[in-house]
Every structure is written in structure tokens, then in C-alpha cells.
Amino acid sequence: HTDTAREEAFRSRLEVTAYRGILSAWLRLESLQISDASVYDPYGTPDGASNVTQRIDETEVTRRLFAVETEQFRVQAGDVSHVFGRGLALSVFEDEELNFDTRLEGVRAQAEHDLGKMSAVAGSRDGDRFRGLFWEASPIDLGVAVWGPTRARAGASFVEAWGATQDTDVR
């Protein structure tokens with residue numbers, strides 16, 4: 001942009017978490033303010049005599065998560081994230097510094113047992129749908145010297161219509 005058409009953007013976030021027994025809720029309120037640096041209109045009303053861009057204010061709840069958690073299981077509904085293993089098979093997360101967000105809107109459930117941890121994820125993002133089931137075994141003592149605890153991981157996932165919002169016929 002040139003100096004005469006410079007835009008400024010301000011982004012503010014408020015995150016709130018509430019707990020009550022085994023229930024918890026988290027939400028994020030975001031406020032985005034974009035304006036032409038040469039014009040300030042606090043009400044966002046266009047000036048009929050001018051064609052310059054006015055200030056735009058958008059405030060909304062952008063993320064929410066509701067959870068039920070005990071020692072053996074956790075069920076979440078809302079904006080869920082899940083990284084399986086080292087993230088090569090599945091990496092659904094948010095990095096605020098990079099403004100990178102691949103969270104799914106959906107459900108995530110985890111159960112822990114002596115044999116390991118089982119996770120199920122189902123959700124969608126931008127019209128794309130994903131379902132997955134993952135298992136990570138508890139450390140096993142093999143009775144021989146190894147570099148660290150021996151673990152096993154297994155996962156299966158089903159991606160449906162990934163990229164469908166990009167005017168493709170991919171299913």
C-alpha cells in the first residue's frame with residue numbers, strides 16, 4: 001500500500017475459562033479493528049462525500065470449547081485440537097504467533113486405561129470433514145536395555161471432502 005491508502009489492523013483477544021466439578025468451558029472473544037489510517041470514524045458509517053475506506057470493527061466469539069473430564073476420560077465439544085504422535089499423521093492445532101490455525105469444530109474424546117490412551121476425533125473445518133481413531137500404548141517393560149520406554153502407536157483416520165471449498169471435485 002502507498003502511504004495514502006495505508007490500513008492499520010488491531011486485534012485484541014480475551015480468553016475465559018470456567019470450571020465447575022468435572023465440567024469446564026473455554027471461549028475466546030476477538031475484536032478486529034481495521035481502518036484507513038487517514039480517516040477515523042468511530043461509528044463505521046460511510047461518508048457520502050468521500051470514497052475512502054472507513055473503520056471496520058468486528059467483535060465476536062471466535063473459539064469455544066466445552067469439556068467433561070474425569071481421571072479416566074475427557075470429552076470435548078467445540079473447537080478441538082489433537083496432535084497424534086509427533087504430528088506427522090495428524091496435527092490439528094493453533095499457533096498464535098504464526099497466526100496458524102487448523103482446529104476442527106467437532107468432538108474429541110480420550111480415554112485412558114492400563115493398556116494405553118485411546119482418542120477419537122471427529123470434526124470439520126471450512127467445509128472439510130475429518131474422523132479419526134488413535135491408540136497409544138502404555139510403556140512396556142521388555143526386560144532388555146533399550147533407549148527409553150517402549151511404546152506403540154496406531155491410528156486410523158478418514159478425511160472426507162478435503163479441499164472441497166476450493167471449487168474441486170475431490171472427495
Pair D79-R63, salt bridge (charged side-chain N to carboxylate O under 4.0 Å, His left out): steps then yes or no: CA-CA 6 Å; D79 294 292; R63 296 282 179 253; 3.7 Å; yes

Trace of the side chain to side chain contact (heavy atoms under 4.5 Å, CB included) decision for E30 with V61: CA-CA 6 Å; E30 277 190 295; V61 174; over 6 Å; no

Verdict with reasoning, S119 to H82, per side chain to side chain contact (heavy atoms under 4.5 Å, CB included): CA-CA 9 Å; S119 302; H82 185 81; 3.4 Å; yes

Stepwise side chain to side chain contact (heavy atoms under 4.5 Å, CB included) check, K117 with Q110: CA-CA 7 Å; K117 181 173 25 176; Q110 278 189 307; 3.3 Å; yes

Joint cluster assignment, W135 & L133, ILVMFWY side-chain distance < 4.5 Å: yes

Test item: F130 and L104 side chains (from C-beta on) under 4.5 Å apart, heavy atoms: yes

Ion pair check, E105 and R129, cut-off under 4.0 Å: no

Non-hydrogen side-chain atoms of V121 and V92 separated by less than 4.5 Å: no

Common cluster, L23/V16, ILVMFWY with side-chain heavy-atom separation under 4.5 Å: no

Any donor-acceptor pair under 3.5 Å from R74 side chain to A67 backbone: no

Donor on one side chain, acceptor on other, S12 and S31, under 3.5 Å: no

Atom pair OG/CD of S81 and E94 - distance to nearest 0.5 Å: 8.5 Å

Spatial distance of atom CZ (R108) from atom CG (L65) [nearest 0.5 Å]: 9.0 Å

Atom CD of E71: over 12 foreign heavy atoms under 6.0 Å: no

OG1-CG distance between T62 and L27, expressed to the nearest 0.5 angstrom: 9.0 Å

Any side-chain heavy-atom pair of E15 and W26 under 4.5 Å: yes

Side chain to side chain contact (heavy atoms under 4.5 Å, CB included) between F73 and V68, intermediate numbers included: CA-CA 8 Å; F73 74 93; V68 176; 4.3 Å; yes

